[in-house]
Amino acid sequence: MKTIDQLLADGVAGKRVFVRADLNVPLDGTTITDDGRIRAVQPTIAKLAEAGARVVVASHLGRPKGAPDPAFSLAPAAARLGELLGTHVEFATDTVGESATAAVAGLEDGQVAVLENLRFNAGETSKDDAERGAFADRLAALADVYVGDGFGAVHRKHASVFDLPARLPHAAGFLIATEVGVLKKLTEDVSRPYVVVLGGAKVSDKLGVIDHLLEKADRILIGGGMAYTFLKAQGHEVGISLLQEDQVPAVREYLERAKAKGVEFVLPVDVLVSSEFPDLKTKAPANPAVVAADAIPADQEGLDIGPETRLLYASKLADAATVFWNGPMGVFEHPDYAEGTKAVAQALVDSPAFSVVGGGDSAAAVRILGFDEKAFGHISTGGGASLEYLEGKTLPGLAALED
């Protein structure tokens with residue numbers, strides 16, 4: 001895989017360099033609530049601009065249905081990128097139309113333009129190779145060189161991620177090089193004890209990585225909404241908590257496999273419950289109750305790990321040498337249910353372990369809860385991509401960057 005350092009050594013001055021970034025930031029209207037992904041790709045864009053490239057930045061945002069939708073415009077992300085770069089960033093109001101063509105044609109050496117949301121064109125995500133390829137051809141006409149740096153999208157076989165690199169000289173940006181290097185530390189010659197913390201809503205999203213990590217991890221801690229499917233698999237009442245009943249047999253099998261392999265599987269011993277989901281807009285007091293994890297009332301919903309579990313998980317992280325964490329422990333967006341996620345984050349800060357926070361909600365939670373990002377070994381920009389890499393899958397966007 002060619003690196004951006006090699007690309008820069010070859011010279012990029014005057015060349016149109018297409019940077020496939022991941023600017024898929026959370027928005028409240030037009031206000032960015034977490035700019036972590038923009039800051040993560042900024043070094044690659046800045047270095048190319050400093051070297052005299054004419055930088056064309058492209059990304060997706062959200063899940064529009066293959067047509068323009070103002071709610072998913074990249075305009076706020078383009079404005080924020082300009083602030084971080086300290087320079088004007090031109091914004092094209094389409095992806096491959098008149099505005100994009102004019103924006104790219106108007107670039108001078110060292111200038112940057114951002115194209116509108118790639119997913120406003122159905123060709124970006126099409127499962128039809130010809131339709132995807134036709135869109136990639138139009139994108140290729142805007143550039144001379146391709147730099148892949150949108151790690152959060154490398155697990156997608158999309159036109160700008162998979163098809164476009166085949167049409168242009170290509171290299172991996174700083175972010176992708178860093179992400180892959182970190183993930184190799186979690187899969188090759190891992191320092192032990194190796195502890196994995198998994199949370200989030202759906203256990204079905206994590207079964208693949210659990211299956212793979214049963215061969216690698218020493219200890220797996222479970223929290224979030226997915227914990228209740230595990231508790232149900234142990235025969236416990238979970239009330240009206242989030243539950244994937246169809247996954248109970250698979251979860252039970254994983255628990256048995258973990259025991260047979262000597263992998264320590266740690267589940268909550270107590271949880272915070274309520275009869276109703278909290279209001280995340282007003283953040284009105286929710287007044288949750290603490291109950292034992294095996295005694296959740298039938299009319300109550302588990303929404304965070306309890307105080308005893310927080311202490312237990314902190315103790316299980318204290319001696320770790322390597323930690324991978326993906327998924328919050330509860331509804332961290334509400335202050336009454338943020339303590340579990342906060343406790344895990346603090347345990348990683350306190351631990352001497354090399355800690356990787358695996359993107360998505362976990363990365364957002366770390367920032368929202370006020371932790372210094374530098375206190376962690378690495379905060380990934382791609383939750384889904386990280387999980388699929390750890391599952392041992394071939395990621396299309398990385399395969400496309402190989403020579």
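For the numbers below, each heavy atom of this structure counts, side chains included, while hydrogens, waters and symmetry mates do not.
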Chemist: Hey, does the side chain of S241 reach the backbone of G302 with a donor-acceptor pair shorter than 3.5 angstrom?
Modeler: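 Yes, the answer is positive, given that a donor and an acceptor are paired below the 3.5 Å cut-off.
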Chemist: Determine yes or no for a side-chain-to-main-chain donor-acceptor pair under 3.5 angstrom, with H236 supplying the side chain and D294 the backbone.
Modeler: no
Chemist: Could you tell me which non-hydrogen atom of V196 sits nearest to which non-hydrogen atom of A217, and how far apart they are?
Modeler: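 Smallest heavy-atom distance, with atoms named: CG2-CB, 3.9 Å.
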Chemist: How long is the gap from NZ on K206 to CD1 on I220, to the nearest 0.5 Å?
Modeler: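 Between atom NZ of K206 and atom CD1 of I220 there are 12.5 Å.
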Chemist: From D35 CG over to R37 CZ, what is the distance, rounded to the nearest 0.5 angstrom?
Modeler: 12.0 Å
Chemist: State whether D129 and R132 are salt-bridged, where the test is any N-O pair (Lys NZ or Arg NE/NH1/NH2 against Asp/Glu carboxylate O) under 4.0 Å.
Modeler: yes
Chemist: For a quick check under 3.5 Å, do S204 and Q247 share a side-chain donor-acceptor pair by atom type?
Modeler: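 There is no such pair (donor and acceptor under 3.5 Å, judged by atom type) between the side chains of S204 and Q247.
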Chemist: Ignoring hydrogens and geometry beyond distance, is a side-chain donor-acceptor pair present between H170 and R20 at under 3.5 Å?
Modeler: no
Chemist: Side chains of S362 and N326: is there a donor and an acceptor less than 3.5 Å apart?
Modeler: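 Note: S362 and N326 side chains miss the donor-acceptor criterion.
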Chemist: Specify whether F18 and Y146 have parallel, tilted or perpendicular ring planes, treating 30° as the upper limit for parallel and 60° as the lower limit for perpendicular.
Modeler: parallel
Chemist: Identify whether the distance between the nearest side-chain nitrogen and carboxylate oxygen of D336 and K283 falls below 4.0 Å.
Modeler: no
Chemist: Would you say that V273 contacts L303 through its side chain, given a criterion of any heavy-atom pair below 4.5 Å between the two side chains?
Modeler: no
Chemist: Has R219 got a side-chain atom pairing as donor or acceptor with K316's backbone, closer than 3.5 angstrom?
Modeler: yes
Chemist: Just wondering, do Y389 and K184 contact through their side chains at under 4.5 Å, heavy atoms?
Modeler: yes
Chemist: Is it the case that the side chain of T341 and the backbone of M329 share a donor-acceptor pair, with hydrogens and angles ignored and the cut-off at 3.5 Å?
Modeler: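 Flag set: sc T341 to bb M329 pair under 3.5 Å.
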Chemist: Report, as yes or no, whether the 6.0 Å neighbourhood of atom CG on D28 holds more than 12 heavy atoms from other residues, nucleotides or ligands.
Modeler: no
Chemist: Evaluate K157 against V161 for side chain to side chain contact (heavy atoms under 4.5 Å, CB included), listing each step before the verdict.
Modeler: CA-CA 7 Å; K157 193 177 181 180; V161 175; over 6 Å; no
Chemist: Tell me the closest heavy-atom pair linking S351 and L317, and the distance in Å.
Modeler: OG-O, 3.5 Å
Chemist: Side-chain contact, heavy-atom cut-off 4.5 Å: Y194 with L186?
Modeler: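 When only atoms from C-beta onward are counted, L186 and Y194 do touch, with a gap below 4.5 Å.
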Chemist: Do the charged groups of E215 and K261 touch, with an N to O distance under 4.0 Å?
Modeler: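 Result for this pair is yes, salt bridge flagged.
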Chemist: Quick one: pull up CD in E98 and OG1 in T93 and give me the separation to the nearest 0.5 Å.
Modeler: 9.5 Å
Chemist: Would you check if F376 and V366 make a side-chain contact, meaning some heavy-atom pair closer than 4.5 Å?
Modeler: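 Yes. Closest side-chain heavy atoms under 4.5 Å.
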Chemist: Please give me the minimum heavy-atom distance between A293 and L231, naming the atom from each residue.
Modeler: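 Reported closest heavy-atom pair: O-CD1, 3.9 Å.
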Chemist: For the side chain of T322 and the backbone of S191, is there at least one donor-acceptor N/O pair under 3.5 Å apart?
Modeler: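 Present.
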Chemist: Compare every heavy atom of T187 with every heavy atom of K216, then report the nearest pair and how far apart it is.
Modeler: NZ-O, 3.6 Å
Chemist: Applying side chain to side chain contact (heavy atoms under 4.5 Å, CB included), run through E124 and S126 and close with a yes or a no.
Modeler: CA-CA 6 Å; E124 169 67 2; S126 176; over 6 Å; no
Chemist: Under the 3.5 angstrom rule, does the side chain of D163 hit a backbone N or O of G133 as a donor-acceptor pair?
Modeler: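 It does not hold such a pair.
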Chemist: Are F174 and K47 side-chain neighbours, meaning at least one heavy-atom pair lies under 4.5 Å?
Modeler: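 Touching, per the 4.5 Å side-chain cut-off.
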Chemist: Can you check whether D22 reaches F151 side chain to side chain, under 4.5 Å on heavy atoms?
Modeler: no
Chemist: Give, for atom CZ of F120 and atom CG of L61, the distance between the pair rounded to the nearest 0.5 Å.
Modeler: 8.0 Å
Chemist: Atom CG in L115, atom CG in L142: separation rounded to 0.5 Å?
Modeler: 6.5 Å
Chemist: Does E90 reach the main-chain N or O of L107 with its side chain, forming a donor-acceptor pair under 3.5 Å?
Modeler: no
Chemist: What's the verdict on salt bridge (charged side-chain N to carboxylate O under 4.0 Å, His left out) for R54 and E108, showing C-alpha distance, side-chain angles and the deciding distance?
Modeler: CA-CA 6 Å; R54 302 178 182 192; E108 297 182 0; over 6 Å; no
Chemist: Flag the pair D319 and R192 as a salt bridge only when some basic side-chain nitrogen lies within less than 4.0 angstrom of an acidic carboxylate oxygen.
Modeler: no
Chemist: Taking the six-membered ring for Trp, are F230 and F265 closer than 6.0 Å centroid to centroid?
Modeler: yes
Chemist: When you measure from the centre of the six-membered ring of F354, is the NZ or CZ of K185 under 6.0 Å away and within 45° of the axis?
Modeler: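 Judged by the rule (NZ or CZ under 6.0 Å from the ring centre, within 45° of its axis), K185 counts as positioned above F354.
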Chemist: Would one find more than 12 heavy atoms of other residues, nucleotides or ligands at under 6.0 Å from atom NZ of K259?
Modeler: no
Chemist: Looking only at side chains, do H88 and Q111 share a donor and an acceptor under 3.5 Å apart?
Modeler: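 H88 vs Q111: no donor-acceptor pair found between side chains.
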Chemist: Under a 4.5 Å cut-off applied to non-hydrogen side-chain atoms, are R39 and L84 in contact?
Modeler: yes
Chemist: Between E116 and L74, what is the shortest heavy-atom contact and its length?
Modeler: OE1-N, 2.8 Å
Chemist: Counting heavy atoms not belonging to E276, are there more than 12 under 6.0 Å from its CD?
Modeler: no
Chemist: Would the distance check show the side chain of D144 and the main-chain N or O of R16 forming a donor-acceptor pair, the cut-off being under 3.5 Å?
Modeler: yes
Chemist: Shortest non-hydrogen contact from E391 to G208?
Modeler: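 Looking at all heavy atoms of both residues, the closest pair is CG-C, 3.4 Å.
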Chemist: Atom CZ of residue position R63 - does it have more than 12 heavy atoms of other residues, nucleotides or ligands inside 6.0 Å?
Modeler: no
Chemist: Just so I know, are the side chains of S274 and E301 near enough to count as touching, which here means a heavy-atom distance under 4.5 Å?
Modeler: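 No, too far: nothing below the 4.5 Å cut-off.
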Chemist: Could you tell me the separation between the CG atom of L48 and the CG atom of L7, rounded to the nearest 0.5 Å?
Modeler: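 Reported value, rounded in 0.5 Å steps: 6.5 Å.
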Chemist: Give a yes or no on whether a salt bridge exists between K2 and D10, defined as a side-chain N under 4.0 angstrom from a carboxylate O.
Modeler: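 A salt bridge links K2 with D10.
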Chemist: Taking D361 for its side chain and P328 for its backbone only, find out whether a donor-acceptor pair lies under 3.5 Å.
Modeler: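 Looks like no, no N/O pair under 3.5 Å.
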Chemist: When you measure from the side chain of E237 to the backbone of G239, do you find a donor-acceptor pair of N or O atoms at a distance under 3.5 Å?
Modeler: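 Between the backbone of G239 and the side chain of E237 there is a qualifying donor-acceptor contact (under 3.5 Å).
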Chemist: Under the side chain to side chain contact (heavy atoms under 4.5 Å, CB included) rule, what do F332 and D304 come out as? Steps first, then yes or no, please.
Modeler: CA-CA 8 Å; F332 73 91; D304 193 16; over 6 Å; no
Chemist: One pair to check against side chain to side chain contact (heavy atoms under 4.5 Å, CB included): I368 and D34. What are the steps and the verdict?
Modeler: CA-CA 8 Å; I368 289 170; D34 180 9; 5.8 Å; no
